[in-house]
Amino acid sequence: MRSRRRTALLAAMGLAGGLLLSTPQSASAANLIKNPGFETAGTGDMPYCWQKSGWGDNDFTFTTTADAHSGGKAMKVELTRRADGDRKALITESADCAPVVAVGKQYDLSLWYRTTTPDANITLFRHDTTAGWQYWTDLKTLEMAADWTRATVRTPEVPAGTDRISWGVSVYGTGSATTDDYTMEQVADPVPPPLCTGTAQNCADGRWDVLPAQNPVRSMHSVVLHNGKVLLIAGSGNDPEKFEAGTFTSAVYDPANGTYKIIPTPKDMFCAGHVQLQDGRVLVMSGNKGYPSADGKIGYQGYKDSYVFDPETETYTKTNDMNDGHWYPSATILGNGDVLSFGGLKEDSTGSVTADRWSQAEQRWLPTWQVKQTWSYWGLYPSMILMQDGRLFYSGSHVFGNNIPGTGAAIYDYDANTITQVPGLQKKDERDQSASVLLPPAQDQKVLTIGGGNIDSNPDANRLTDVIDLKQPNPQYAAGPPLPQGTVDFGNGKVAQTGDQGKMYASAVLLPDGKVLETGGALHNRANPVFETSLYDPATNTFDPVAADPQARGYHSSAFLLPDGRVMATGDNPGNGSWNHNVSVYTPPYLFKGPRPTITSVIDTEWTYGDTQRITVDRPIAKAELIRPAAVTHSSDPNQRFVDLPLSVDGNNVDLNVTSNPNLAPPGWYMLFAVDANGVPSVARWVHLQGPAALGAADASPHIHSFADDLEGTVQRPGKKRASQPVGPTVSGCDRHYGSANVCVPTAFPPQVKKTTAARCAWLGRNDYGRLRINGTDDPLGLDPDKDGVACGKGDLRRR
């Protein structure tokens, strides 16, 4: 393993799934480890079936000591100086010594230890039958202990292609770890699933319900707050009349009683960016300073204003301004609580090339000179996902038209201030309003990108999916399974999708059972809703079609996880300017599989990195995780993540091992779910994660593994400082020569529509556009041949 010379902590924790019995038992009482207490000597200076391992610049010793927990020997690993790297005693990676494992099974590991450093953890390697030995995961950070202490943990399910594993304790800070009496036992197989508690269709596909109360605001931004309520931000709601009147709105929805509260909103936050800060407040950045001009010569404009919303007082408070306007910006929280924002449109409608950084320590936007700049234009709502080493992965998901030049995906290294292209994204210029999500668990560092289209050329949206494993030295996208097809409404009722028809405007939601719900979407630019919902399983890389949302959910729609494990979906803003105020709620199949486990107590709701936190449950659970609450708009929520919590179990008491890496779980409020062996989740409890307790030693720089470390793509370094990127006023795919700014007559009609006045007018009629006046004298789409100032009038259709 090579050092990356960075300061981010990379102690990744693995997924702990499978069945936990009422006491920590295993399928076999046999200990799978040979020489677990180091009592048998080897041929060299290490005991039989144990080897030295590690990397980096450090001074170290391996000692077989008589200071044992039992018997006469133990193993002491000590670092007296460390610049980087680690040292570890591992089970020998050989067919004779490394324990045989079965794919899909889990194993309970335990050992006794004493430590003088906070920087020690249990590290696993696995033998892939094709690729050989490779790093697997870190499972547990060992708390400092002067006396002999037992550590127990459960492995993730053994991945496909793995036949053996090796593990031990790695020391990555100055000090020592002495270990003894290792055990490894296979976990018992799960019990059979319970009987279905709903209809057969409910149990297979889940159920959608349209709520009786409508959303009172035209919200295209949805944020789940740490009190369980939902902030719905509309601003002007893409309604120029409300903008001119200065009528800007938000609402707070309370799922507990189904009520909405209208919130005074100081500026037009229509198409702003937003992210949840470390303390649970919501940072809202930029928004709409002005709509396009009637003649289409001036586009949307983004202002510099920024606000924070306080869930306690349900009020907005202004911050200092950003350095640039950013209509449609990215918003990614970092491991230290800072926020980076890129892209969007400036106050003059050009593209912003300025990176803005919110300082958690100073509670303000930093001046431009304090923020590293590449002067790159990332487009609108670029999906920037925080990696476990602090870099950002641009997944290729964006809004409006073509992708960035090059491969369409990249890794941005803020410390080095470089951008490296990542290959493999299919049809990179047809991923407009695709959805990207960091797959469960975050420790696996895999990203799924689904669907998309292009509002400029307006082809049929696609079925493409792509998966990338950012743990690989030179990661690249690989094609995933195609999206399932549903039905599409062309204006004459729903018909089955055919050929390669897929969808843009899709939503992707992480579920507590470790799957991803994808739902909603449309076939074309603000037209032709697609009715299809499916569950993606990262373990099998497959989609399972389930019940579809009965409501149209295209442009400006959102879907997000509620703390009770259901999914809420809102919005739809087709090209005719109308709005869908109906709200749908999806009950997944796991809520029809019998009683839910209950988290009866959480000892402490204030968590720090590297902690072991105890909860109690009313019955056995299989896994637990933290899910960061949604802050979603335009198919984009780059901060959404599912962080696994490896378990140690003693009856109904469960100890959860919290990651020591803030980049895996940035500071803030999280939903804590406990999930049983059948995938049934508890109702979430809220916990607040901060830190970093794991960096206790003064010279303990991070424990680093070499992920995405040998990038071969084109590297871009900072370019010449510039003011902005030219962006055409038709960036939204709408021809402003027709109707109001709320109406989107497409610059390119769907490919099924002939290029005649009659065909285009028929399409506009089927999609309820109504009467459209001509703005100015130009008629680029040929909708007003008789020149009476009204598109698609009787005279126009006679003249054709």
Side-chain angles (χ1 to χ4, degrees), residues 220-221 235-244 246 248 266-274 284-307 318-331 340-358 365-369 371 373-382 384 398-405 432 455-456 633-634 718-737 740-744 747 775-776 778 780:
M220 63 280 295
H221 307 274
S236 66
N238 199 16
D239 185 338
E241 292 183 3
K242 290 188 180 342
F243 179 82
E244 293 299 329
F248 309 132
K267 291 293 284 281
D268 189 6
M269 295 175 181
F270 155 52
C271 293
H274 40 67
V284 183
M285 61 207 72
S286 193
N288 179 41
K289 183 179 180 181
Y291 281 83
S293 60
D295 59 7
K297 294 181 180 179
I298 300 174
Y300 286 99
Q301 305 118 56
Y303 56 72
K304 299 179 181 180
D305 298 50
S306 166
Y307 292 82
K318 195 175 188 307
T319 73
N320 69 317
D321 286 348
M322 306 177 80
N323 297 298
D324 226 349
H326 293 275
W327 185 76
Y328 278 62
S330 72
L340 277 177
S341 182
F342 303 88
L345 299 184
K346 296 179 56 172
E347 293 176 303
D348 61 0
S349 298
T350 61
S352 174
V353 297
T354 302
D356 269 284
R357 183 165 186 151
W358 170 269
W365 293 100
L366 298 176
T368 304
W369 65 270
V371 184
Q373 304 289 340
T374 62
W375 309 111
S376 302
Y377 180 57
W378 290 95
L380 305 180
Y381 282 136
M384 309 291 283
H398 65 286
V399 173
F400 294 162
N402 291 341
N403 205 335
I404 62 173
D432 176 354
I455 53 89
D456 287 337
T633 186
H634 292 76
K720 184 178 180 181
K721 183 177 180 180
R722 56 184 179 143
S724 65
Q725 170 82 13
V727 175
T730 60
V731 63
S732 61
C734 306
D735 195 317
R736 299 301 178 188
H737 293 90
S740 71
N742 186 32
V743 171
C744 178
T747 54
N775 299 318
D778 293 335

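It should be emphasised that the depicted structure is a prediction, and the values quoted were computed from it without experimental measurement.
With hydrogens and angles ignored, the 3.5 Å screen pairs no side-chain donor or acceptor of Ser341 with any backbone N or O of Ala331. The backbone N or O of Ser352 lies less than 3.5 Å from no partner atom in the side chain of Ser724, so there is not a single donor-acceptor pair. In this structure, the side chain of Ser286 engages the main chain of His326 through a donor-acceptor pair within 3.5 Å. Arg736 places no side-chain N or O within 3.5 Å of a backbone atom of Pro729 that could act as its donor or acceptor partner. Side-chain atoms of Arg722 come within 3.5 Å of backbone N or O of Trp375 as a donor-acceptor pair. In this structure, Ser349 contributes its side chain and Gly299 its backbone to a donor-acceptor pair below 3.5 Å. Within the 3.5 Å criterion, the main-chain N or O of Asn288 finds no donor-acceptor partner in the side chain of Gln301. A donor-acceptor pair is defined here as one N or O able to donate and one able to accept, closer than 3.5 Å; no such pair exists between the side chain of Ser376 and the backbone of Trp378.
Closest heavy-atom contact between Asp456 and Gly733: OD1-CA, 4.3 Å. Looking at every heavy atom in both residues, Tyr377 comes nearest to Gly344 through CE1-O, 3.7 Å. The two residues Gly401 and Ile455 make their nearest non-hydrogen contact at N-CG1, 3.5 Å. What you find for Gln373 and Val353 is that their closest heavy atoms are OE1-O, 3.9 Å. Across all non-hydrogen atoms, the minimal contact from Trp327 to Cys271 is NE1-CB, 3.4 Å.
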Inset, instruction - Could you please spell out the steps behind the side chain to side chain contact (heavy atoms under 4.5 Å, CB included) verdict for Asn403 and His398? - result: CA-CA 7 Å; Asn403 205 335; His398 65 286; 3.9 Å; yes
Inset, instruction - Kindly indicate, with the supporting measurements, whether the criterion side chain to side chain donor-acceptor pair (under 3.5 Å) is fulfilled by Thr350 and Asp348. - result: CA-CA 6 Å; Thr350 61; Asp348 61 0; 2.6 Å; yes
Legend entry - Worked check of side chain to side chain contact (heavy atoms under 4.5 Å, CB included) between Thr730 and Asp735: CA-CA 6 Å; Thr730 60; Asp735 195 317; 6.0 Å; no
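Note that CG of Asp305 and CE of Met269 are 8.5 Å apart. Values are rounded to the nearest 0.5 Å. Distance check: Thr633 OG1 to Phe270 CZ gives 9.5 Å after rounding to the nearest 0.5 Å. A distance of 8.5 Å separates CE in Met285 from NE2 in His274, rounded to the nearest 0.5 Å. Here CG of Asn402 is found 9.0 Å from CG of Asp432. Values are rounded to the nearest 0.5 Å. Interatomic distance, CG of Asp356 versus CG of Asn323, reported as 4.5 Å (0.5 Å rounding). Atoms OG and CG, on Ser306 and Asp321 in that order, are 8.0 Å from each other to the nearest 0.5 Å.
No side-chain heavy atom of Tyr307 sits under 4.5 Å from any side-chain heavy atom of Thr319. Contact check for Tyr291 versus Ser236: side-chain heavy atoms found under the 4.5 Å cut-off. A 4.5 Å side-chain heavy-atom check between Leu340 and Met384 finds every atom pair outside the cut-off. The closest side-chain heavy-atom distance from Trp365 to Arg357 is not below 4.5 Å. Between Trp358 and Asn320 there is a side-chain heavy-atom pair separated by less than 4.5 Å. Side-chain contact between Tyr381 and Pro329: present, with at least one pair of heavy atoms (C-beta onward) separated by less than 4.5 Å. Contact check for His737 versus Pro780: side-chain heavy atoms found under the 4.5 Å cut-off. In this structure the side chain of Pro266 never reaches within 4.5 angstrom of the side chain of Phe248, judged on heavy atoms.
With sequence neighbours excluded, the residues satisfying salt bridge (Lys or Arg N to Asp or Glu O under 4.0 Å) with Lys289 are Glu347. Partners of Asp268 under the salt bridge (Lys or Arg N to Asp or Glu O under 4.0 Å) rule, at least two apart in sequence or in another chain, do not exist in this structure.
Between Tyr328 and Phe400, a ring centre-to-centre spacing shorter than 6.0 Å is recorded.
Open room surrounds NZ on Lys297; 12 or fewer heavy atoms of other groups in view lie less than 6.0 Å from it. Other residues, nucleotides and ligands contribute at most 12 non-hydrogen atoms within 6.0 Å of the NZ atom of Lys242.
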